[in-house]
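Before any comments, here is the structure.
Values reported hereafter were calculated over all heavy atoms of this structure, with side chains retained and with hydrogens, waters and symmetry mates removed.
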Amino acid sequence: MKNRIYGVIGIRSMMANWNADFTGFPKTTSSGEVFGSDKALKYPMKKMWESMGEKVLYIKSMKVDSGEGKKGEIGVRPKSLRERYDEIFEANLKVEKDKTNVIKNLFKAIDVKNFGATFAEEKNNVSITGAVQIGQGFNKYADTYTEEQQILSPFRDGSKDGIMGEASQSTLGTKIVSNEAH
């Protein structure tokens with residue numbers, strides 16, 4: 001490959017936390033260095049493509065279960081990779097015998113063309129390297145620190161209902177941000 005293009009995307013985050021870990025804090029390495037993951041950067045691109053009507057395979061989508069669970073409850077859960085594939089390509093992966101058709105479909109998804117994919121479904125395991133490779137972004141702002149702030153919810157705690165125990169005040173929450181990161 002002789003035609004390579006390199007680029008840089010700059011992100012400035014002030015009083016924000018666009019890349020939280022599972023505890024709600026900004027993602028950090030074991031040495032405490034703040035970083036931004038490639039997934040956090042790709043997500044708004046995928047949402048934009050999806051809103052423009054493009055086929056986007058690797059994005060969280062939900063399925064409504066219609067009362068078939070316990071006590072007839074209706075639930076919402078994430079779709080499986082197979083369910084998402086079948087939905088956006090109007091296909092049935094269970095009956096698809098030709099792996100070439102699966103690969104052709106995968107290349108119709110703009111996120112797969114750009115970022116690649118690991119498609120691990122029975123009898124159709126495919127690994128594709130995308131044209132655009134995005135790495136981790138490390139914070140270069142030396143004075144970054146994390147702030148925890150109390151925030152007020154617009155709702156009261158409904159589990160405290162009762163004659164004497166009814167909650168009459170809104171609940172509190174926590175907002176965690178970096179003061180500034182680049």
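How far CG of L172 is from CG of L152: 6.0 Å, rounded to the nearest 0.5 Å. Separating the NZ atom in K113 from the CG atom in L106 is a distance of 12.0 Å, to the nearest 0.5 Å. Note that the CD atom of E83 and the NZ atom of K63 stand 4.0 Å from one another [nearest 0.5 Å]. To the nearest 0.5 Å, the span separating CD on E121 from CZ on R82 amounts to 4.5 Å. Interatomic distance, D86 CG to N105 CG, rounded to the nearest 0.5 Å: 10.0 Å. In this structure, N139 CG and E180 CD are separated by 9.0 Å, a value rounded to the nearest 0.5 Å.
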With side chain to side chain contact (heavy atoms under 4.5 Å, CB included) as the test, would you mind laying out the steps for Y85 and N124 before giving the verdict?
CA-CA 12 Å; Y85 176 92; N124 286 298; over 6 Å; no
Mind running side chain to side chain contact (heavy atoms under 4.5 Å, CB included) on D111 and N114 for me, showing each step along the way?
CA-CA 5 Å; D111 60 323; N114 278 281; 5.9 Å; no
Go through V126 and K99 one step at a time and tell me if the side chain to side chain contact (heavy atoms under 4.5 Å, CB included) criterion holds.
CA-CA 9 Å; V126 179; K99 192 173 185 174; 3.7 Å; yes
Audit row: K55, E50, salt bridge (charged side-chain N to carboxylate O under 4.0 Å, His left out) steps and yes/no:
CA-CA 6 Å; K55 291 183 186 313; E50 188 178 49; over 6 Å; no
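E96 and N101 share a side-chain donor-acceptor pair at under 3.5 Å.
Between I176 and T174 the shortest side-chain heavy-atom distance falls below 4.5 Å. Using a 4.5 Å cut-off on side-chain heavy atoms (C-beta onward), F107 and I128 make contact. The side-chain heavy atoms of R12 and Y141, taken from C-beta on, include no pair separated by under 4.5 Å. Between E147 and K175 the shortest side-chain heavy-atom distance does not fall below 4.5 Å. At least one side-chain heavy atom of P78 sits under 4.5 Å from a side-chain heavy atom of M62. Counting only heavy atoms from C-beta outward, the side chains of R84 and I59 approach each other to under 4.5 Å.
Between N179 and Y145, the closest heavy-atom pair is OD1-N, 2.8 Å. Contact record, A40 with P44: O-CD, 3.1 Å, taken as the closest heavy-atom pair. Between L93 and F119, the shortest heavy-atom distance links the atoms CD2-CZ, 3.6 Å. Residues Q136 and S37 share a closest heavy-atom pair of OE1-CA, 3.1 Å. Closest non-hydrogen pair, V34 versus P26, comes out as CG1-CB, 4.4 Å. In plain terms, the two heavy atoms of N125 and A120 that are nearest each other are OD1-CA, 3.2 Å.
In this structure, K42 is positioned above the aromatic face of F115, its NZ or CZ under 6.0 Å from the six-membered ring centre and within 45° of the axis.
At most 12 heavy atoms of other shown residues, nucleotides or ligands fall within 6.0 angstrom of atom CD in E122. Within 6.0 Å of OH in Y43 there are 12 or fewer heavy atoms belonging to other residues, nucleotides or ligands. Within a 6.0 Å sphere centred on CD of Q149, heavy atoms belonging to other residues, nucleotides or ligands number more than 12. Within a 6.0 Å radius of NZ in K104, other residues, nucleotides and ligands contribute 12 heavy atoms or fewer.
The cluster map of Ile, Leu, Val, Met, Phe, Trp and Tyr, joined by side-chain heavy atoms under 4.5 Å apart, puts L41 and V132 in the same cluster. Hydrophobic clustering of Ile, Leu, Val, Met, Phe, Trp and Tyr side chains at less than 4.5 Å, counting indirect connections, unites I9 with I110. Taking hydrophobic clusters as Ile, Leu, Val, Met, Phe, Trp and Tyr residues chained together by side-chain heavy-atom distances below 4.5 Å, V102 shares a cluster with L81. Both I134 and W49 sit in one connected hydrophobic cluster of ILVMFWY residues. Membership requires side-chain heavy atoms under 4.5 Å apart, directly or through other members.
E90 places no side-chain N or O within donor-acceptor distance of the main-chain N or O of E87, the cut-off being under 3.5 Å.
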